[in-house]
There are 2 protein chains.
Amino acid sequence: MQFGQKVRELRILRGLTQRSVADSLSVSVSYISKVENGKLHFGDYPSANFIHKLADELKADEDELLLLADKVPASIRQRIRQRPELFRQIAKMDKHALDRLESSLNTVN
Amino acid sequence: MQFGQKVRELRILRGLTQRSVADSLSVSVSYISKVENGKLHFGDYPSANFIHKLADELKADEDELLLLADKVPASIRQRIRQRPELFRQIAKMDKHALDRLESSLNTVN
DNA sequence: TGTTTATTGCACCTTTTGGTCAACCATTCA
DNA sequence: TGAATGGTTGACCAAAAGGTGCAATAAACA
């Protein structure tokens with residue numbers, strides 16, 4: 001799922017037009033259109049700030065949108081800063097190890 | 001340990017002056033000074049790009065510097081993008097759970 | 001058919017970011 | 001004492017990011 005796609009999906013789901021979203025966020029319609037189509041003339045995604053307001057307007061999960069926009073949510077960044085070595089280690093694991101880790105977390109111990 | 005402190009420590013360790021580092025990286029001495037003192041008049045840390053060159057010059061661990069500068073290294077970002085849910089879940093864990101996780105990773109299974 | 005909604009390109013504008021420059025201070029040392 | 005050498009600071013500047021506004025285009029639909 002792409003970022004723009006997700007935004008469009010949510011917008012439609014809420015029964016909103018690009019114009020109404022644009023007005024609510026005080027940006028132009030063309031900007032919303034470009035966001036949904038991934039056509040921002042440089043950089044691929046809107047700013048974290050914009051995503052914040054957008055998530056609010058669409059009643060969406062902000063962190064999910066941030067992740068789709070390849071940005072690291074503050075909640076995760078904070079943890080990484082607190083335990084850099086843990087995260088470096090996890091990042092170094094291969095797919096299988098990650099799978100095992102994920103399922104072990106989902107297992108009620 | 002603060003970012004600027006670490007940079008200074010490494011620079012001294014390598015027997016370099018601010019000027020020599022500045023020259024190597026083609027920036028001004030004053031910039032290096034501000035970096036070491038955390039006095040960049042906005043934003044707290046230099047750009048990731050700059051840190052990259054700096055790490056190279058100081059023969060430092062780039063990711064460590066990035067983490068000190070509250071930036072998420074590419075290696076970790078990539079993993080987060082691949083498995084957002086896993087990382088969100090880990091980020092939500094409390095200290096104890098993180099401790100247990102960390103030690104379980106260090107345990108040879 | 002005309003109205004609403006969305007798409008896209010392009011030139012433009014403002015704010016933020018990433019620096020520079022000049023002047024200054026402190027230390028050392030000939 | 002004065003002149004290198006190394007470091008600090010504040011005002012300022014240039015480039016990049018983040019967006020605007022318009023115009024032309026198209027599709028939906030009532």
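- Look at B/Ser33 and you'll find a side-chain N or O under 4.0 angstrom from OP1 or OP2 of D/dT8.
- For B/Ser28, the side chain to side chain contact (heavy atoms under 4.5 Å, CB included) partners at least two apart in sequence or on another chain are B/Ser30, B/Tyr31.
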Let me have the donor-acceptor pairs involving side chains of residues 86-93 of chain A, under 3.5 Å, with sequence neighbours excluded, atom names and distances please.
unit_1	atom_1	unit_2	atom_2	d
A/Arg88	NH1	B/Asp61	OD2	3.3
A/Arg88	NH2	B/Asp61	OD1	3.3
A/Arg88	NH2	B/Asp61	OD2	3.1
A/Gln89	NE2	B/Asn106	OD1	3.1

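- Of the residues in residues 10-25 of chain A, none lies under 4.0 Å from DNA chain D by heavy-atom distance.
- Near-neighbour residues of DNA chain D inside residues 54-65 of chain B, defined by a heavy atom below 4.0 Å, are absent.
- When all heavy atoms are compared, the tightest approach of A/Met1 to A/Gln5 is SD-OE1, 3.5 Å.
- Legend: residues meeting side chain to side chain contact (heavy atoms under 4.5 Å, CB included) with A/Ser20, ordered by chain and number and at least two apart, are A/Leu16, A/Thr17.
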**Prompt:** If the sugar-phosphate is the primed atoms plus P, OP1 and OP2 and the base is the rest, what is the B/S/- string for nucleotides 14-28 of chain D, using protein heavy atoms under 4.0 Å?
**Reply:** ---BBBSBB------
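- For A/Lys53, the salt bridge (charged side-chain N to carboxylate O under 4.0 Å, His left out) test picks out no residue, with sequence neighbours left out.
- Protein chain B contacts DNA chain C from C/dT17 to C/dA22, reading 5' to 3' and using non-hydrogen atoms of the protein with a distance under 4.0 Å.
- Between A/Arg14 and A/Glu57 there is no salt bridge, since none of the side-chain N atoms of the basic residue sits less than 4.0 Å from a carboxylate O of the acidic one.
- B/Asp44 meets the salt bridge (charged side-chain N to carboxylate O under 4.0 Å, His left out) test with no other residue; sequence neighbours excluded.
- The pair B/Asp99-B/Lys95 fails the salt-bridge criterion, with no side-chain N (NZ, NE, NH1 or NH2) lying under 4.0 Å from an Asp/Glu carboxylate O.
- Residue B/Ile80 is not grouped with residue A/Tyr45 when hydrophobic side chains (ILVMFWY) are merged at heavy-atom distances under 4.5 angstrom, including chains of intermediate members.
- When the side chain to side chain contact (heavy atoms under 4.5 Å, CB included) test is applied to A/Gln18, the partners found at least two apart in sequence or on another chain are A/Arg8, A/Arg11, A/Val29, A/Ile32, A/Ser33, A/Glu36.
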Donor-acceptor list for residues 65-76 of chain A side chains, cut-off 3.5 Å, not counting sequence neighbours:
unit_1	atom_1	unit_2	atom_2	d
A/Asp70	OD2	B/Arg81	NH1	3.0
A/Ser75	OG	A/Asp63	OD2	3.3

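- Scanning for side chain to side chain contact (heavy atoms under 4.5 Å, CB included) contacts around B/Lys39 gives B/Lys34, B/Asn37, with sequence neighbours left out.
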